[in-house]
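Okay, structure first, notes after.
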Amino acid sequence: MQYPSPQDQRLYHEQVWKLVRQVPYGKVTTYGQLAQMIDCPPGIDENDYDMLGSRWVGTAMSACPNDVPWHRVINSKGKVSTRPGAQSQQQRLEKEGIVFAHDRINLTIYGWPVEERTGAPAQGDLF
DNA sequence: GTTGTGACATCGC
DNA sequence: CGCGATGCCACAA
């Protein structure tokens, strides 16, 4: 993907939303995953993007349309975001069949995409 | 135009 | 395992 014009700033957000929309029912993804999946915008070092990309994703989610299943996006800790209404978010996820273990989601099972993920975060003694 | 927040991830202690 | 500090962009007032 390339970024032809400055409007990419908006496109970046749209890309995030697109990816979130692609998340299948009963699956969840993390901000870090999304940040890695999306190519870093022009004029930005991948190094920095790797660190801060997740933030932009969060910023993008702050303005996510209603048709975006934002509740399927969680943080690396396997927990719902610190955003207001997180409680409701967990409820929605459980409603979709996702099981919370100790207020945490087992990304090994519900993680998306299903690709191999080296060093699953926050798994530890979960399983 | 400037200032202040923010729905994150990672490392150190 | 929890808390604090760091990195940076986008957006609203």
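We name chains A, B, ... by the order of the sequence lines, and we start the count at 1 in each one.
We find the NZ-CG distance between A:Lys18 and A:Leu34 to be 14.0 Å, quoted to the nearest 0.5 Å.
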Scan nucleotides 5-8 of chain B against the protein and return all N/O pairs shorter than 3.5 Å with their distances rounded to 0.1 Å.
residue : atom : partner : partner atom : Å
B:dG6   : N2   : A:Thr59 : OG1          : 3.3
B:dA7   : O4'  : A:Arg83 : N            : 3.4
B:dA7   : N6   : A:Met61 : O            : 2.9
B:dA7   : N1   : A:Met61 : O            : 3.2
B:dC8   : OP1  : A:Thr82 : N            : 3.2
B:dC8   : OP1  : A:Thr82 : OG1          : 2.9
B:dC8   : OP2  : A:Thr82 : OG1          : 3.2
B:dC8   : N3   : A:Arg55 : NE           : 3.4
B:dC8   : N4   : A:Arg55 : NH2          : 2.8

Pull out every protein N or O sitting under 3.5 Å from an N or O of nucleotides 3-5 of chain C, one pair per line with the distance.
none

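Counting only heavy atoms from C-beta outward, the side chains of A:Gln15 and A:Leu19 never approach each other to under 4.5 Å.
Secondary-structure stems of DNA chain C, taken as three or more successive Watson-Crick or G-U wobble pairs (i with j, i+1 with j-1) under a 3.5 Å distance threshold, comprise B:2-6 with C:9-13, B:8-13 with C:2-7.
In this entry the distance linking CD1 of A:Ile38 with P of B:dA9 reads 13 Å, nearest Å. In this structure, CG of A:Asp103 is placed 14 Å from C1' of C:dC1, rounded to the nearest angstrom. Residue A:Lys79 contributes atom NZ, which lies 13 Å from atom P of B:dA9 at whole-angstrom precision. Between the C1' atom of C:dA10 and the OH atom of A:Tyr12 lies a distance of 11 Å, rounded to the nearest Å. What separates CG of A:Leu11 from P of C:dC9 is a distance of 18 Å, to the nearest Å.
Pairs passing the ring-ring contact (aromatic ring centres under 6.0 Å, His included) check and including a residue from residues 16-43 of chain A, sequence neighbours excluded, do not occur. Listed by first then second residue, pairs satisfying salt bridge (Lys or Arg N to Asp or Glu O under 4.0 Å) with a partner in residues 40-49 of chain A number zero, not counting sequence neighbours. Contacts classified as ring-ring contact (aromatic ring centres under 6.0 Å, His included) and involving residues 33-61 of chain A (residues at least two apart or in different chains) are given here: A:Tyr49-A:Trp56.
The salt bridge (charged side-chain N to carboxylate O under 4.0 Å, His left out) test applied to A:Asp67 returns A:Arg21, not counting sequence neighbours. In this structure, the side-chain contact (heavy atoms from CB on, under 4.5 Å) partners of A:Asp50, at least two apart in sequence or on a different chain, are A:Gln36. Residues satisfying the side chain to side chain donor-acceptor pair (under 3.5 Å) criterion with A:Asp103, sequence neighbours excluded, are absent altogether.
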Below 3.5 Å, can you tabulate the donor-acceptor pairs from side chains in residues 92-101 of chain A to any protein atom, sequence neighbours excluded?
residue : atom : partner : partner atom : Å
A:Glu96 : OE1  : A:Arg72 : NE           : 2.9
A:Glu96 : OE1  : A:Arg72 : NH2          : 3.4
A:Glu96 : OE2  : A:His71 : NE2          : 3.0
A:Glu96 : OE2  : A:Arg72 : NH2          : 3.2

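Among all heavy-atom pairs drawn from A:Tyr12 and A:Gly53, the shortest one is OH-O, 3.8 Å.
In terms of modelled atom types and a separation under 3.5 Å, the side chain of A:Thr29 and the main chain of A:Val73 share no donor-acceptor contact.
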